[in-house]
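Along the sequence shown, residues carry numbers from 1. What you see is a predicted model; the values in this text were computed from it and never measured.
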Amino acid sequence: MNKITAMRHWPTSNFISRNNMAGMPAINTRRDVTTQGPPPIPTPQLPIGEPTIHYAFNVPFASDLAGPDTEDILHATTDAVLRWTHPVEAPDDVPVHALHVHVMNLEGLRQLCHSITTNPLPIEAHVLSGTPKNARGLITTVCLSGPADLVYQTREAILNKTPISLRCTTVDVDGNLVANLAEGVLKKSVTDFLDETSRFCGVDIFLLGPKLAPVVDGLNGDVELRRDQRWRVAIYGDNMSAEHAKTRVLIHIDQLLGRVADSINVDYSVQQILIGRNRKNIKLIESSTNTAIYFPPPFLSCYSYCPPGATRRGESDVFITGENTQAIEQAKYKIHEYLTRVRLYVKDVQITPAKLDSVLLTRMDKVRKIAENNNTHILPPSLGSMKNVARFQALENLPLERSVRELMALVGQFYTATWWISHPDNRQPMPTPNDIRTMLSDICANSEADVKFDNRCFTISGSDEAVKTALAVINDIKWVNQSPQSQIRVKIELANEHKEFVSGKKNGKINKIMGQSNVQIIFDTFGEYNFNIEVVTHSYEAVKHGLTLVEQEMPASISFHVPDQYHKRIIGIGGQHIQRIMKKHSVFVKFSNAMDRGGLTREDDDSRVDNVICRTPARNAQNLELVKSEILEMVSRADSEFMNQTVKIDRLYHRELLSRLPEIEEIEKMWNCKIVFPSTEQATDELTVSGPQWLVPKCIDSFLGMVPDKHEVVMERTPTLIRFLESPEFVQNIVPKLKTQYEVDVTVHENSEERAANGNPSVTLLWQFTRNNAGGVSDAMDFLQGEFATAGVEPVFIRGALSRPKPDTFEEALPYFDSKLLQHAPAPVATDSPTKPSFGEETARERSSLLERLRRPGSGMSSISSFLDRRKNSSHSATSFFKGSSNVSKSSLVSIESTRSFNADRNPWNDSGVNLADEDSGSPWPSAVLVGNGIGNNLAVPHHGDMTPRHAARRSDDSGRPSTSHSTNSGYPGPLVPFR
């Protein structure tokens with residue numbers, strides 16, 4: 001009601017009507033003439049037949065995807081090595097897109113376009129490929145010419161008959177399951193299965209040996225190599241085919257472990273509902289029945305490509321593996337019982353087809369996250385179909401509305417623009433069709449936007465950065481910039497609740513922008529959720545300036561969690577505290593409690609939901625972090641700064657942990673944290689623990705106390721050692737003391753197969769502990785060494801000895817001083833440690849000999865047996881393993897807003913009432929700032945998200961809108977991106 005009242009009192013002179021734009025030529029987009037009612041206004045007669053349009057778009061081949069290292073390959077399916085590796089005689093600097101698989105994909109596209117051009121229909125398809133200066137690899141562009149309907153149908157056919165978005169996915173597997181390690185040969189049943197899966201799914205599969213993974217010491221930053229005991233199955237193919245093959249491999253591994261496999265049909269539209277938010281429902285079924293349930297990949301119906309000769313996975317096929325058939329039947333019964341109680345809310349939402357295609361090609365990971373967080377089934381139309389309806393299904397109306405609003409906010413990251421040349425220069429000849437195709441291909445390749453040319457009008461769609469870059473390229477075209485009169489329109493989509501925020505009081509912001517930049521701004525409400533802001537002008541410089549000013553008035557926001565019990569303290573009596581903060585930083589702050597979020601239960605409205613949002617215009621975005629810091633200063637340290645941290649546990653042991661679900665829930669309740677298991681289909685070792693920054697480490701410690709681990713120390717068997725290990729002192733005193741003081745169980749075993757270098761037999765000490773006590777093994781070993789010395793035992797270690805940490809001295813610098821007074825420190829002994837493992841040449845030789853025996857004669861890979869030694873020699877530099885991420889958003893409007901925690905039916909954003917300063921902060925088009933993320937392989941890798949230092953807030957240069965690039969970086973990656 002407030003919005004309607006505000007609309008009624010807006011002065012009509014402040015906005016430009018679509019039918020009354022002084023000085024702006026109108027564009028007639030009508031193609032038909034009404035035959036009833038009063039006579040229509042005369043329109044120019046169109047030529048006989050449909051007009052010809054030109055449409056250019058990029059084909060996302062993923063030509064920068066490299067194949068595996070040839071030295072790692074133990075087995076490859078038919079022709080996989082030929083397709084994914086370079087020939088031996090190839091030079092070292094050969095580009096990745098020169099791989100045979102990428103060359104053949106491009107050649108297949110050329111043949112497809114040639115067949116389209118030579119068919120009787122009036123349409124032409126041309127392929128252009130190259131490497132633009134600003135691109136990382138090969139860019140392939142298709143330009144279509146013909147009637148509009150045929151062009152759109154042909155584009156759909158090309159996108160669905162081409163292997164776009166190639167990827168590689170891996171599955172870790174125990175070497176004992178795929179090879180006979182004693183004999184050094186691969187199991188024929190496994191290789192036959194991989195070959196059959198490759199043919200059935202249309203993918204290439206490689207069996208790769210164990211790898212040496214770099215591990216960084218958290219204290220001194222040293223890089224050491226850790227031997228991963230598991231082998232890898234690498235699957236290469238398009239997204240859906242690779243997921244299909246990965247599921248079959250996972251099921252086969254379960255069968256090798258003695259489990260039984262079966263399947264059940266579940267309607268595709270209720271699968272996400274069955275899985276539940278954070279996999280809550282399916283986790284309960286799996287834990288109670290000790291089964292593993294594999295669902296099809298989401299949005300399977302949106303992509304219809306299937307490799308030639310392959311079989312596409314059914315949308316309703318859900319596979320179940322269990323200990324026996326009774327467990328599988330019990331899981332089926334629980335699934336059926338749950339689905340009989342489901343009652344769905346369904347809603348269809350209209351979205352621009354071009355933007356839906358952009359989402360399907362570049363943002364499906366975010367759409368999947370929206371669906372999982374809100375437990376909503378989202379069904380977009382198929383790729384390239386030009387349909388504009390997306391369907392949403394949920395158990396309740398509130399999460400359904402949240403999903404719709406979050407997806408509409410995602411769609412708002414894409415712009416559309418038109419550049420209409422109303423009066424071309426008569427001295428310049430009109431471009432020929434070949435010139436138009438070359439021109440469109442150049443625009444498309446340099447900007448990654450889709451470009452259409454129809455009757456002297458360019459239509460551009462894509463991300464904000466892509467659209468602005470395309471406009472800059474068009475401005476450089478001589479035929480365009482010399483035209484005496486043209487009209488440029490840029491259309492930005494924004495949520496309806498932000499309309500008054502952008503326009504300002506009495507539309508003051510919009511009037512000021514129109515006066516400063518010589519542009520006209522139109523607000524066009526076209527749907528239930530979003531409206532369009534159109535920036536209209538005659539020149540490129542004017543639209544660049546006007547668009548910059550409009551973007552600076554867009555809402556920038558940051559959201560985080562503060563427990564509900566602190567809200568009153570932060571707000572203060574009569575809002576005194578929060579009003580002071582808002583006025584100080586010119587930022588509007590909104591709190592929401594459990595009732596505002598719909599009165600959810602504790603299981604759903606947990607501590608991970610963001611319930612505080614701060615909003616301000618993008619030009620003031622740097623103050624958002626300051627506001628967050630001041631708010632969190634009033635929250636106790638244990639409840640402030642929520643974070644996510646990753647813990648790695650063998651994925652097969654996840655099932656054992658799920659069977660102890662009540663214990664995990666007790667840990668979550670004790671430490672106010674949430675432990676999230678990955679989906680069964682992901683086959684990853686990583687679990688996510690989220691909660692308060694100061695409680696997450698304690699929660700992880702308690703959780704790792706449920707995970708057993710072991711370490712073997714093998715020593716040469718001597719009479720003195722055996723006499724000590726069998727003595728009452730060791731059995732009755734030392735072993736119990738190791739248990740009580742160091743939380744380590746020690747048992748003695750004999751292994752006749754493992755012998756010392758001189759041929760003497762060995763004895764093994766098996767150290768059993770939990771993961772949270774792994775650090776105590778080294779202290780326990782020191783204690784046992786002291787007991788050995790007291791008893792006069794001098795053990796000879798074969799493997800498993802733990803080295804002492806490096807002392808903090810200058811020993812490493814001594815070799816640089818040529819002095820006989822300075823002694824050199826002895827080289828450290830190669831050891832095997834569960835916490836800081838490093839391996840000497842003996843381990844490398846052992847592994848190399850094993851892989852050498854696994855080589856098949858005549859395979860052309862006889863040199864693979866030395867790959868581990870070369871891997872170790874190449875690990876001399878820590879920087880070779882860890883690089884800053886270059887995949888950072890360069891959008892002009894970036895936001896870390898999270899709106900999922902607010903009531904979708906409320907509108908708290910009418911007007912902030914905050915007047916910002918009028919001065920501009922520097923140039924409106926500063927250069928982008930790239931932020932790198934170092935990634936390590938520690939036991940637990942923290943991901944702080946929106947974390948802010950409590951006493952030293954970092955500066956933020958966010959421009960204010962949702963990120964439109966594939967950025968994994970949270971916060972504010974960079975300011976506005978300039979035009980070219």
Side-chain angles (χ1 to χ4, degrees), residues 272 275-287 368-376 399 402 559-566 592-594 597-612 632 635-649 651 653-680 682 684-707 771-772 896 898-902 939-947 970:
Q272 178 59 47
I275 293 173
R277 184 168 179 256
N278 293 328
R279 297 188 62 85
K280 175 185 174 183
N281 299 335
I282 206 66
K283 184 168 63 175
L284 291 174
I285 297 177
E286 289 179 335
S287 61
R368 179 175 184 172
K369 187 175 182 180
I370 292 173
E372 291 176 351
N373 290 339
N374 297 292
N375 193 23
T376 305
R402 286 177 182 162
S559 59
F560 51 94
H561 177 81
V562 173
D564 290 355
Q565 63 265 25
Y566 295 98
S592 67
N593 52 33
R597 296 188 293 269
L600 301 179
T601 61
R602 171 64 178 84
E603 289 76 15
D604 294 328
D605 185 30
D606 49 35
S607 59
R608 273 59 55 193
V609 176
D610 294 337
N611 57 5
V612 180
L632 293 181
V635 179
S636 65
R637 191 176 70 169
D639 292 324
S640 65
E641 292 297 359
F642 277 65
M643 61 174 289
N644 295 330
Q645 194 162 336
T646 301
V647 180
K648 290 187 176 180
I649 299 175
R651 68 174 186 87
Y653 195 75
H654 293 181
R655 301 168 183 173
E656 299 293 333
L657 293 174
L658 286 175
S659 64
R660 303 166 64 183
L661 199 57
E663 300 179 40
I664 296 177
E665 292 176 350
E666 287 295 327
I667 294 176
E668 292 177 336
K669 184 178 180 180
M670 178 188 303
W671 301 113
N672 191 26
C673 294
K674 187 71 174 179
I675 301 174
V676 180
F677 285 81
S679 65
T680 311
Q682 288 179 330
T684 178
D685 297 338
E686 296 182 350
L687 294 88
T688 302
V689 181
S690 58
Q693 178 183 4
W694 304 98
L695 298 179
V696 166
K698 298 180 181 179
C699 179
I700 292 177
D701 183 77
S702 299
F703 179 63
L704 291 180
M706 302 173 60
V707 182
R771 284 275 297 275
N772 61 332
I896 55 174
S898 175
T899 59
R900 65 182 182 274
S901 61
F902 292 96
L939 175 64
V941 183
H943 299 284
H944 295 278
D946 294 342
M947 285 182 54
S970 62

### Task
Answer whether the closest heavy-atom distance between the side chains of Leu657 and Met706 falls below 4.5 Å.
yes
### Message
Main chain of Arg277, side chain of Asn373: is a donor-acceptor contact present, judged purely on distance under 3.5 Å?
### Response
no
### Task
Give the minimum heavy-atom separation between Asn611 and Val562, together with the two atoms involved.
ND2-O, 2.6 Å
### Query
Hey, what do you get for CG (Asn375) to CG (Asn281), rounding to the nearest 0.5 Å?
6.5 Å
### Message
Tell me whether Thr376 contacts the main-chain N or O of Asn374 through its side chain, where contact means a donor paired with an acceptor under 3.5 Å.
### Response
yes
#### Entry: Glu663 bridged to Arg660 by N-O distance under 4.0 Å
yes
## Note on the structure
Value for NE2 (His561) from CG (Leu632), rounded to nearest 0.5 Å, stands at 10.5 Å
### Point-to-point distance, once rounded to the nearest 0.5 Å, from SG of Cys673 to CD1 of Ile664
13.5 Å
### Pair Gln645, Thr688: side-chain N/O donor-acceptor within cut-off below 3.5 Å
no
### Query
Taking side chain as C-beta onward, heavy atoms only, is Trp671 less than 4.5 Å from Ile700?
no
### Task
Step by step, work out the side-chain contact (heavy atoms from CB on, under 4.5 Å) result for Glu286 and Thr680.
CA-CA 10 Å; Glu286 289 179 335; Thr680 311; 3.0 Å; yes
### Query
Within the side chain of His654, is there an N or O that forms a donor-acceptor pair under 3.5 Å with the backbone of Phe677?
no
### Query
Could you go step by step and tell me if Lys283 and Leu658 meet the side-chain contact (heavy atoms from CB on, under 4.5 Å) rule?
CA-CA 7 Å; Lys283 184 168 63 175; Leu658 286 175; 3.2 Å; yes
### Query
Considering only heavy atoms from C-beta outward, does the side chain of Val676 approach that of Arg279 to under 4.5 Å?
no
### Task
Over all heavy atoms of both residues, which pair between Pro678 and Leu687 is shortest? Give the atoms and the distance, please.
CD-CG, 4.1 Å
### Task
Flag the pair Leu704 / Ile649 as yes when at least one side-chain heavy-atom distance between them is below 4.5 Å, and no otherwise.
yes
### Task
Mind listing the closest non-hydrogen atom pair of Val696 and Ser690 along with its distance?
CG2-C, 4.1 Å
### Summary
Residues Glu668 and Ile675: closest non-hydrogen pair is OE2-N, 2.9 Å
### Exceeds 12 heavy-atom contacts within 6.0 angstrom, atom CD of Glu666
no
#### Entry: Ile667 to Ser702 - nearest heavy-atom pair and separation
CD1-O, 3.8 Å
### Query
Can you name the residues that form a side-chain hydrogen bond (donor to acceptor under 3.5 Å, both in side chains) with Glu372, not counting sequence neighbours?
Arg368
### Message
Show the nearest heavy-atom pair for residues Val689 and Val647, with the distance to one decimal.
### Response
CG2-CG2, 4.2 Å
### Task
Please list, chain by chain and in numerical order, all residues satisfying ring-ring contact (aromatic ring centres under 6.0 Å, His included) with Phe703, sequence neighbours excluded.
none
